[in-house]
Amino acid sequence: MTSSSRAAHDELHAPVLPGRGASDYERYLRTDELLSLQKPAEERVHHDELLFQTVHQSSELWLKLAASEVEEAAGALERDDRAGSIRLLRRAVLCLQYVTTQMEMLNQMSPWEYQQIRVVLGHGSGFDSPGFRRVAHVTQHIWKAFDRQLERAGLELTELYQRGREFEELYQLAELLTEWDERIWLWRFRHYAIVARALGEETVGTQGTPVQVLGKLIAQRQLPHLWETRSRLVELFDAERRAQSVGGTDPD
Ligand code: HEM
């Protein structure tokens, strides 16, 4: 390397951003702070604490992104930007998918050894997860924004499904919201199975909630209208078919 090319190389590799870290990569991503957020080895009561903290902390990050995208998607709907809202909701759904699949890493912990970690969690409980709370909050916000869109189009949800091809974007939105709600449901289901493997189903959690209560929460839907509508569609279709067959046998 000539001295001038070395100088150019050095210049390109020298950090220009403010902050801590030897490179701009470390400064921009604040890796010093990020990687100091997990207990150092000497403070861990068990080796698996790093795994446990990594899964939880990264879940909070994905949930933060998911909630931020849904909030933005609700704002887009309020400005009648349905296509923009669809684009953001797709991302948010993917975030929930990641949160759900990465949780499987926790099954790598031994249920006996996990007990050592459990005792250092204090009263820490997933009910206080800022990410999950935010997800619940923004879900209601986007539902209201979607409902207003339906109102303005003069449509009931069942009608939107019956005439989906005429209202393509609204139909896509309804389906994405269904997928969003389904992802929350699937997360709960997966979480319950993981908790059952780590603690059993007869145990009481760190804030006094029996694990069985988590099982019951699986039946809860954040956006129940979307699911009720499906049952209504079956009823409507069957009623129409019955009416047609009665009409068909009618001698008149
Ligand atoms: C071995 C792993 C895990 C165990 C044993 C566990 C255990 C529990 C228990 C017992 C509860 C009931 C509340 C309580 O008394 O604490 C709960 C709730 C909860 N946990 Fe976990 N959890 C685990 C992993 C996770 C992960 C990775 C997350 C990701 C953010 C999470 C988020 C939550 C949430 C959001 C709730 C409230 C549940 C709901 O509203 O449906 N948990 N967990």
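Whatever order the structure lists them in is the order used to number ligands and atoms, beginning at 1. Here, residue 1 is the first one in the sequence, and each next residue gets the next number.
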Under 3.5 Å, which donor-acceptor pairs link side chains of residues 83-91 to any protein atom two or more places apart or in another chain?
{"from": "S85", "atom 1": "OG", "to": "A73", "atom 2": "O", "distance (Å)": "3.0"}
{"from": "R91", "atom 1": "NH1", "to": "E69", "atom 2": "OE2", "distance (Å)": "2.6"}

Minimum side-chain heavy-atom gap [X]-[Y] below 4.5 Å:
X    : Y    : answer
R183 : T100 : no
M109 : E113 : no
T229 : E156 : no

> Do the charged groups of R148 and E78 touch, with an N to O distance under 4.0 Å?
Replying inline: yes
> Does a side-chain N-to-carboxylate-O contact under 4.0 Å join R230 and E175?
Replying inline: yes
Please report, to 0.1 Å, the donor-acceptor pairs under 3.5 Å made by any side chain of residues 213-225, with sequence neighbours excluded.
{"from": "R221", "atom 1": "NH1", "to": "I218", "atom 2": "O", "distance (Å)": "2.9"}
{"from": "R221", "atom 1": "NH1", "to": "A219", "atom 2": "O", "distance (Å)": "3.3"}
{"from": "H225", "atom 1": "ND1", "to": "E228", "atom 2": "OE1", "distance (Å)": "3.3"}

>> Show me the pairs that pass ring pair (Phe, Tyr, Trp, His ring centres under 6.0 Å) and involve residues 69-106, at least two apart or across chains.
In response: W62-Y98
> Which protein N, O or S atoms does atom 21 (Fe) of ligand 1 have within a distance shorter than 2.8 Å?
Replying inline: H191 NE2
>> Looking at non-hydrogen atoms alone, which of W187, F127, W185, Y192 comes nearest to atom 32 (C) of ligand 1?
In response: W187
> If you measure from atom 40 (O) of ligand 1 to every heavy atom of R188, M103, E104, which option wins on shortest distance?
Replying inline: R188
[atom]: the protein heavy-atom neighbour that sits closest, reported with distance to 0.1 Å:
atom                    : value
atom 30 (C) of ligand 1 : S59 CB, 3.8 Å
atom 5 (C) of ligand 1  : Y114 OH, 3.5 Å
atom 2 (C) of ligand 1  : L106 CD1, 3.6 Å
atom 25 (C) of ligand 1 : H56 NE2, 3.2 Å

>> Let's go through R133 and D128 carefully: what are the C-alpha distance in whole Å and the side-chain angles of both, what is the deciding distance for salt bridge (Lys or Arg N to Asp or Glu O under 4.0 Å) to 0.1 Å, and is it a yes or a no?
In response: CA-CA 7 Å; R133 284 183 169 203; D128 297 323; 3.3 Å; yes
>> Is the distance between the ring centroids of H141 and H137 under 6.0 Å?
In response: no
>> Taking 4.0 angstrom as the limit and counting only heavy atoms of L217, give me the atoms of ligand 1 inside it, by number and element.
In response: 39 (C), 40 (O), 41 (O)
> Hey, which atoms in ligand 1 end up nearer than 4.0 Å to a heavy atom of Q207?
Replying inline: 15 (O)
> Should W227 and W185 be marked as a ring-ring contact (aromatic ring centres under 6.0 Å, His included) after you check the CA-CA gap, both sets of side-chain angles, and the distance that decides it?
Replying inline: CA-CA 12 Å; W227 304 96; W185 172 17; 5.3 Å; yes
>> If we only consider heavy atoms of M109, is any one of them less than 4.0 Å away from an atom in ligand 1?
In response: yes
> Can you find an N/O atom of T206 closer than 3.5 Å to an N/O atom of ligand 1?
Replying inline: yes
